[in-house]
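Working notes for the structure below.
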Amino acid sequence: MAKTITFKVQAGGILRGEARVPGDKSISHRSIMLGSLAQGVTHVSGFLEAEDALSTLQAFRDMGVDIEGPVQGKLTIHGVGKQGLKAPEKPLYLGNSGTSMRLLSGLLAGQAFDSVLTGDKSLSGRPMKRVTEPLAKMGALIETTEQGTAPLHIKGRAGRLQGIDYVMPMASAQVKSCLLLAGMYAEGVTRVTEPAPTRDHTERMLAGFSYPVGKQGSEVSISAEGTLAATTIDVPSDISSAAFFLVGASIAQGSNIVLKHVGINPTRTGVIDILRLMGANITVLNERVVGGEPVADLQVTAGKLKGIDIPEALVPLAIDEFPVLFVAAACAEGQTRLTGAEELRVKESDRIQVMADGLQTLGVNAQPTPDGMIIQGGGIGAGTVESHGDHRIAMAFSIAGLRASGPIVIKDCENVNTSFPEFIDIAQALGLVLTCGQD
Ligand code: S3P
């Protein structure tokens, strides 16, 4: 059997100092996709050199795009133009990355060649009907398993996609982005309406590549009329990676940290809003705009957190941060209640069940519900928890160590490499006593 990575975190600790967490995963994926379809050479800096974004990069290399790097987060993408991708010789393997698979399904539906998308065990269990059904309405031909999961067999339907008006049943940036990418190859206008705001990196980056994209209230629209002009992209640090230390410094008495150059796009800052509602001390410093995305340094000092009912409007804006927010809730005074977050059940793992199981193992009163969790704040105990191969669960339980009564052992942590390979180094430098071993 393949070796698995186990993390062990000692109880206690204080976080101090400055850190720059790696590049934003969502923006890194999109930089490869749009840079590849552009005319001319796109230079990217701050690219996330982690498995998920590298899966997207490899997929475009497999479709004939010449991409130099990454070297210290720098890439040079020799764009082939909207019609310039070549048929891949084999299935495109996308590892653990839902974003790669869902966005690529839209992009590939309108190409002149067939393609197959595959992924690892977790990705092969994740729902793909949310993209294949609206794509079918556009005229796409995509075969899934009976359960609506990968592998996806995509027929190239160049010239045969039709724009649609689609009201998304769930707030999903991946579905929105998938349809916008398909809309770049469809006849007429494709309009996507979202039930609540979701991350808008695709729309911002399309505009950065001078591609026309419309926005009216909750509707985004696009058509095939346009070309992408190569540009320069500076990827900000990922607020979803920063989130572990936003919580860590908030819960560990005496902490004081500054996280540099963090993306604070308002469609991503739910974690700051939720922590502030809980009483955290987070100061936004040096706000600036870099390549169309707002960026700032975030200073965090320890606070006395209290339990809250998390406003449902903030859920899509913090969707990836709930594993670590549950840890914050376990350290707060009183009860925290999350509702309206059933999407958490279909992430890299069932994040409601897996976090509830782990928190209960550590002695926390955490009750899962179909669409969220109810957590009574109090102490965190010691113990061994399972991450189920989910990167964000592994990192969330590492942060729990700061307030635990004894060591926490976390199993199956190798997928931390999908989003944040430097996690251990940065966590140790800031003051977490975390070690890593192989089983
Ligand atoms: C992402 C969108 C979100 C998020 C994921 C990245 C993106 O997924 O959870 O980690 O880059 O568009 P959903 O769109 O499924 O909510």
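Position 1 is the first residue of the sequence; numbering continues from there. Order of listing sets the numbers, starting from 1, for every ligand and every atom in it. Model, not experiment: these values are computed from the prediction. Worth knowing before you read on, the calculation uses all heavy atoms, side chains too, and leaves out hydrogens, waters and symmetry mates.
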**Request:** Could you please spell out the steps behind the salt bridge (Lys or Arg N to Asp or Glu O under 4.0 Å) verdict for Arg288 and Asp297?
**Result:** CA-CA 9 Å; Arg288 55 211 182 262; Asp297 304 328; 3.4 Å; yes
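Atom CG in Asn96 sits 10.0 Å away from atom CD in Glu414 (nearest 0.5 Å).
Looking at heavy atoms from C-beta onward, Phe245 lies out of side-chain contact with Leu298 at the 4.5 angstrom threshold. With contacts defined as side-chain heavy-atom distances shorter than 4.5 Å, the pair Phe397/Leu362 qualifies.
Under 4.0 angstrom from ligand 1, the non-hydrogen atoms of Arg199 all belong to its side chain. Counting heavy atoms under 4.0 Å from ligand 1, residue His29 does not touch it at all. With a heavy-atom cut-off of 4.0 Å, Glu348 does not touch ligand 1 at all.
Within the listing of ligand 1, atoms 9 (O) sit less than 4.0 angstrom from a heavy atom of Ile319. Proximity to Ser172 (heavy-atom distance under 4.0 Å) selects the following atoms of ligand 1: 13 (P), 14 (O), 15 (O).
Inclusion of Glu343 in the set of residues having an N or O under 3.5 Å from an N or O of ligand 1 is not warranted. Of the polar atoms of Ala173, at least one N or O is found under 3.5 Å from an N or O of ligand 1, judged by distance alone. Considering backbone and side-chain atoms together, Ser177 places no N or O closer than 3.5 Å to any N or O of ligand 1. At least one N or O atom of Gln174 sits closer than 3.5 Å to an N or O atom of ligand 1.
Protein heavy atom nearest atom 8 (O) of ligand 1, with residue, atom name and distance: Lys347 NZ, 3.2 Å. In terms of protein heavy atoms, atom 12 (O) of ligand 1 is closest to Arg30 NH2, 2.7 Å. The single protein non-hydrogen atom nearest to atom 10 (O) of ligand 1 is Asp320 OD2, 2.8 Å, given as residue, atom name and distance.
More than 12 heavy atoms of other residues, nucleotides or ligands sit less than 6.0 Å from atom CZ of Arg345.
The only member of Arg392, Arg199, Arg268, Lys25 that meets salt bridge (Lys or Arg N to Asp or Glu O under 4.0 Å) when paired with Asp238 is Arg268. Put simply, the residue from Ile239, Asp200, Val295 that forms a side-chain contact (heavy atoms from CB on, under 4.5 Å) with Asn265 is Asp200.
With hydrogens and angles ignored, the 3.5 Å screen pairs a side-chain donor or acceptor of Ser28 with a backbone N or O of Leu48.
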